[in-house]
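First comes the structure, then the notes that go with it.
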There are 2 protein chains.
Amino acid sequence: MISNSSKYAVKAVLYLALNSSESHKILAKDISSPTNIPKAYLAKVLQELSRHNIVSSVKGPGGGFYLSEDNKKIPIMKIIHVIDGDNRLTSCMLSLQECDEENPCPMHDLVGNTKVNFVKNLEQNTVEDLVEDIREGKSFLPL
Amino acid sequence: MISNSSKYAVKAVLYLALNSSESHKILAKDISSPTNIPKAYLAKVLQELSRHNIVSSVKGPGGGFYLSEDNKKIPIMKIIHVIDGDNRLTSCMLSLQECDEENPCPMHDLVGNTKVNFVKNLEQNTVEDLVEDIREGKSFLPL
DNA sequence: CATATAAAGGATAAAAATGTCTTTTAATCT
DNA sequence: AGATTAAAAGACATTTTTATCCTTTATATG
Ligand code: FES
Ligand code: FES
């Protein structure tokens, strides 16, 4: 569905959204521990996210990672897109060139519009939206 | 979502369902060509499917692979299960131990019931069912 | 300016998935 | 029985994903 790296990315971004601010930056290693993501690997993922302006970072003493207000408005889809590329989620289950209603493969109807809905949800929901759910106790960020 | 190997497996099984019978077996290489699956790799996949009685096979001259009537009644889920194991599809998007409504991770609701529905469809639809769709022109087996 | 801090970047390693090749086993046919 | 056919099995190669380590660059502070 989505790669391990994308899972790491989403978890890290949500952790930052919940626990950091521009005035309270967090070190890579301090995200690694509570989220159970290998430190060095997470650093790479954060690097990539930072390069694409999905998370904010500052080097040096007092530095670290955080989410700007703009960062929090980013749709979850963009995180996955940056890490996994753009056709991992939308591609056909049986590797047809295009996955659409006009030329469905035999498995297309088994997935139904579910895949399309999922992608739509990923595009419409921002980091902020998911954080709100967590704050309201509707969902839980796994450790 | 599902592995490449599973895609190969489903494609090969459907190809067999459409083109083979106990009296007309098909060689691995003759499935490989029309389905664009690497010959040697497909042989391995078929081997595994045969070991789990998902496809039937006979060695020697006049031998090959085919689907028995029983084979055709197998749910698609079983094919994926044999190749990918049982928790690739049902596992949590953020690697929580359990994926359920009681303790949803922040992404759980974005997937919604789509994943559950998909798995249900995979369990309820047999090889035969998908073949019927193809025969009726409702779907197309990709080459 | 010197030093410490922390991310960025590059190089490498380990594991898993994918793909290929060769040998063995079972079945058929002469 | 001997030869041929085709899957089963095992060994090996490549690629991708995941993970670790080391060096460099940027920033802050004394
Ligand atoms: S066409 Fe294959 S999943 Fe849509
Ligand atoms: S709990 Fe994470 S996807 Fe269901």
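So you know, we letter chains A, B, ... as the sequences are listed, proteins then strands, and number each from 1.
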For this session: Report yes or no: do B:Thr90 and B:Asn87 form a side-chain donor-acceptor pair below 3.5 Å?
Result: no

Exercise. Taking atom NZ of A:Lys39 as the centre, does the number of heavy atoms from other residues, nucleotides or ligands within less than 6.0 Å exceed 12?
Worked result: no

For this session: Kindly say if A:Ser3 contacts the phosphate of D:dT17, meaning a side-chain N or O under 4.0 Å from OP1 or OP2.
Result: no

Problem set entry | ILVMFWY network linking B:Val116 to B:Met93, side-chain heavy atoms under 4.5 angstrom | no

Exercise. Using a cut-off of less than 4.0 Å, is there contact between a side-chain N or O of B:Ser5 and OP1 or OP2 of C:dT18?
Worked result: yes

For this session: Ignoring hydrogens and angles, state whether a donor on the side chain of A:Thr126 or A:Asp129 is under 3.5 Å from an acceptor on the partner side chain.
Result: yes

Problem set entry | Main-chain N/O of A:Leu46 paired to A:Ser50 side chain as donor or acceptor, under 3.5 Å | no

Seminar exercise, completed: Atom CG of A:Asp30 and atom C1' of C:dA6 are separated, to the nearest Å, by 11 Å

Problem set entry | Between D:dA13 (P) and B:Tyr41 (OH): distance, integer Å | 18 Å

Exercise. Mind checking what makes ring-ring contact (aromatic ring centres under 6.0 Å, His included) contact with A:Tyr8, not counting sequence neighbours?
Worked result: A:Tyr41

Exercise. When the distance from CZ of A:Arg88 to C1' of C:dA17 is rounded to whole Å, what number comes out?
Worked result: 12 Å

Write out a two-atom table: protein N or O, nucleotide N or O from nucleotides 3-9 of chain D, distance below 3.5 Å.
| from | atom 1 | to | atom 2 | distance (Å) |
| --- | --- | --- | --- | --- |
| D:dA6 | O4' | B:Gly60 | O | 3.3 |
| D:dA7 | OP1 | B:Ala28 | N | 3.2 |
| D:dA7 | O3' | B:Ser57 | OG | 3.3 |
| D:dA8 | OP1 | B:Ser50 | OG | 3.0 |
| D:dA8 | OP1 | B:Ser57 | OG | 2.8 |
| D:dA9 | OP2 | B:Arg51 | NE | 3.3 |
| D:dA9 | OP2 | B:Arg51 | NH2 | 3.4 |
| D:dA9 | N7 | B:Lys44 | NZ | 3.2 |
| D:dA9 | N7 | B:Gln47 | NE2 | 3.1 |

For this session: May I ask you to evaluate whether B:Tyr8 reaches the phosphate of C:dT18, defined as a side-chain N or O under 4.0 Å from OP1 or OP2?
Result: no

